[in-house]
Amino acid sequence: MIRILFIDDDSQILDGIRRSMHCMRAEWQMRFCSEPVAALNELSAEPADVVVSDMRMPVMDGSEFLAEVKQRYPQTIRILLSGQAESESIIRATRSAHRYLSKPCDAPTLKAAITRTANLKAVLNDGQLAAMVGSVDALPTPPKAYQELVDCIRNPNSAIADAARIIRQDVAMTAKVLKLANSGFFGLREPVQSIDRAVAFVGMEAMSALVLGQELFNNKNPVTLPGFSLENLGRHSFECAAWARAVALSQQCSARVADAAFLCGVLHDVGRLVFATRVPPSAPAQRRDWLSETAMNMKTHHARVGGYLLGLWGFPEAVVESIVWHHTPSRCGDMGFGLCGLLHVGDYLSHASQPHPAEAAGPELEPGYLQDRGLAEKLPEWLLTRAQK
């Protein structure tokens, strides 16, 4: 059963949640607390899979409470409920919550958010990996890219399109802006899968507060894995994104699908960033063997880790599934040639098209995948389509 702890200092709201979630009692083990200190004591006695907290509470507010939960129980999924939408609240929410839902939050929306995030645990099925991902709040951005965005925001003549152009070329920036755009702050009915639209919804004012305050992108968790390059990851991710979009357009997919394919390409290796920033500066005694094991774990698990992180952050399910299965798209459940297939092919072509053998060495196409879909003869055409652009 999924163990869930609800915290709100308003007893009427807690009673309302208890009534509206009564139908889930066969699947959920629910506890209710009216104040954060008591909730921490509850968690000490028995951990929870999901914690849902109100924002405005006396003594310790929801953001402070979830920060404490994050430190003590990083594997616990953290959801914040709030009626506040000003920049300060946005900044505070990005520090400690995986998901933000706007109040008043109807029962179906809350139920769906809890169910979806809790079901993500099946993606990893590994407590250590879940704890590692759960501790992530910010991803590193190359200093050059960050400074370029800062300069853009400070320039009164800059437009939304200028900021989007910079953001779409960096993995961390794209992930955080899409997370924010798809949170409850903006009340969108449909998830955003376009970087340009995400930046437009967030707006330059909020972007300014978040970027200049270094809440979205910073290097407080710097890359510590020897040999890992943020710049190389960014270049490959952008190339993969461009190839995925080119293939989508070649297959006459809609502009919406092409945008989603590009987004998946930018984010497909975000799991590598998680591993690269979680190597402690002082490694264990047998450092070489330990680092080699870390690199192997990154290679083996980065797709699931990246998908799990983006799922926690509320990314669309199609994007999450595509990233989880981008090396084995037949396992995604799409019998056609959908988003996961576009990403898979884009990743392959981004490597195969490189002029140098060392750069061209990358993941192979899943055996039989294109053949089963009658697309095996399309590879030369896709290569030519991008080359002509």
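Computed from a prediction, not measured in an experiment: that's the story for all the values here.
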Inset, instruction - Return yes if some donor-acceptor pair links the side-chain N/O of Ser158 with the main-chain N/O of Ile153 below 3.5 Å, else return no. - result: no
Inset, instruction - Using a 4.5 Å cut-off on heavy atoms from C-beta on, say whether the side chain of Ser44 contacts that of Tyr73. - result: yes
Legend entry - Check: Arg78 side chain, Ala67 main-chain N or O, donor-acceptor pair, under 3.5 Å: no
Legend entry - Spacing of Cys240 atom SG and His326 atom NE2 [to the nearest 0.5 Å]: 7.5 Å
Legend entry - Arg235 side chain to Asn232 side chain, donor-acceptor N/O pair below 3.5 angstrom: yes
Inset, instruction - Specify the closest pair of heavy atoms between Ile195 and Ala164, including all atoms of both residues, with the distance to one decimal. - result: CG2-O, 4.2 Å
Inset, instruction - Take Phe275 and Met132, measure what side-chain contact (heavy atoms from CB on, under 4.5 Å) needs, and give me the verdict at the end. - result: CA-CA 8 Å; Phe275 278 101; Met132 179 182 71; 3.8 Å; yes
Legend entry - Greater than 12 external heavy atoms within 6.0 Å of Arg331's CZ: no
Inset, instruction - Taking His327 for its side chain and Pro363 for its backbone only, find out whether a donor-acceptor pair lies under 3.5 Å. - result: no
Inset, instruction - May I ask you to decide whether Arg168 forms a salt bridge with Asp196, counting only side-chain N to carboxylate O separations under 4.0 Å? - result: yes
Inset, instruction - For residues Glu317 and Arg116, determine if any side-chain heavy atom of one lies less than 4.5 Å from a side-chain heavy atom of the other. - result: yes
Legend entry - Test log, rule side-chain contact (heavy atoms from CB on, under 4.5 Å), inputs Leu383 and Trp243: CA-CA 9 Å; Leu383 277 165; Trp243 275 109; 3.7 Å; yes
Legend entry - Donor-acceptor contact below 3.5 Å, side chain Arg25 vs main chain His22: yes
Legend entry - Exam field: side chain Glu68 to backbone Phe65, donor-acceptor pair closer than 3.5 Å: no
Legend entry - Cys264 and its side-chain contact (heavy atoms from CB on, under 4.5 Å) partner, picked from Val320, Asp347, Leu343: Leu343
Inset, instruction - Using modelled atom types only, decide if a donor and an acceptor are shared between the side chain of Asp162 and the backbone of Ala159 within a distance under 3.5 Å. - result: yes
Inset, instruction - Measure the shortest side-chain to side-chain distance between Leu379 and Leu349 over non-hydrogen atoms and say whether it is less than 4.5 angstrom. - result: yes
Legend entry - Heavy-atom side-chain contact between Ile13 and Asp54 under 4.5 Å: no
Inset, instruction - Determine whether Val136 and Trp313 make a side-chain contact, defined as any pair of heavy atoms from C-beta on separated by less than 4.5 Å. - result: yes
Inset, instruction - Mark yes or no for whether Ser322, through its side chain, and Ala318, through its backbone, hold a donor-acceptor pair below 3.5 Å. - result: yes
Inset, instruction - Would you mind checking if Lys111 and Glu27 are paired as a salt bridge, meaning a charged N to carboxylate O distance below 4.0 Å? - result: no
Inset, instruction - Verify, without hydrogens or angle tests, whether Asp49 (side chain) and Arg3 (backbone) share a donor-acceptor contact under 3.5 angstrom. - result: yes
Inset, instruction - For residues Cys33 and Glu42, report the shortest heavy-atom separation together with the two atoms involved. - result: SG-CG, 3.5 Å
Legend entry - Worked check of side-chain contact (heavy atoms from CB on, under 4.5 Å) between Val171 and Asp269: CA-CA 8 Å; Val171 179; Asp269 276 346; over 6 Å; no
Inset, instruction - To the nearest 0.5 angstrom, please state how far the SG atom of Cys340 sits from the OH atom of Tyr369. - result: 6.0 Å
Legend entry - Flag side-chain contact, heavy atom, 4.5 Å: Phe337 against Leu370: yes
Inset, instruction - For the pair His236 and His351, name the ring-plane relationship: parallel under 30°, tilted 30 to 60°, perpendicular over 60°. - result: tilted
Inset, instruction - Using a strict cut-off of less than 4.0 Å between a Lys/Arg side-chain nitrogen and an Asp/Glu carboxylate oxygen, indicate whether Lys103 and Asp10 qualify as a salt bridge. - result: no
Legend entry - Side chain His268, main chain Gly265, donor-acceptor under 3.5 Å: yes
Legend entry - Inter-residue atom distance Leu40.CG - Ile7.CD1, 0.5 Å rounding: 8.0 Å
Legend entry - Flag for Glu46-Gln29: side-chain donor and acceptor within less than 3.5 Å: yes
Legend entry - Heavy-atom side-chain contact between Val319 and Leu178 under 4.5 Å: no
Legend entry - Which atom of Phe315 lies closest to which atom of Ala175, heavy atoms considered: CZ-O, 3.2 Å
Inset, instruction - Measure from the side-chain N and O atoms of His301 to the backbone N and O of Met298, and report whether any donor-acceptor pair falls under 3.5 Å. - result: no
Inset, instruction - To the nearest 0.5 Å, tell me how far Ile77 CD1 sits from Ile114 CD1. - result: 10.0 Å
Legend entry - Shortest non-hydrogen contact between Tyr308 and Gln75, atoms and distance: OH-O, 4.4 Å
Inset, instruction - To the nearest 0.5 Å, tell me how far Tyr100 OH sits from Ile79 CD1. - result: 13.5 Å
Legend entry - CZ on Arg272 to CZ on Phe228, rounded to 0.5 Å: 7.5 Å
Inset, instruction - Measure across Arg373 and Gly336 and return the closest heavy-atom pair with its distance rounded to 0.1 Å. - result: NE-O, 2.7 Å
Legend entry - Lys144 and Glu231: CA distance, side-chain angles, deciding distance, side-chain contact (heavy atoms from CB on, under 4.5 Å) verdict: CA-CA 10 Å; Lys144 182 179 178 181; Glu231 289 75 13; over 6 Å; no
Inset, instruction - Considering only NZ, NE, NH1 and NH2 on the basic side and carboxylate oxygens on the acidic side, decide whether Asp259 and Arg256 come within less than 4.0 Å. - result: no
Legend entry - Exercise: identify the closest heavy-atom pair between Cys105 and Leu81: CB-CD2, 4.3 Å
Legend entry - Student check: side-chain heavy atoms of Arg56 and Ser82 closer than 4.5 Å: no
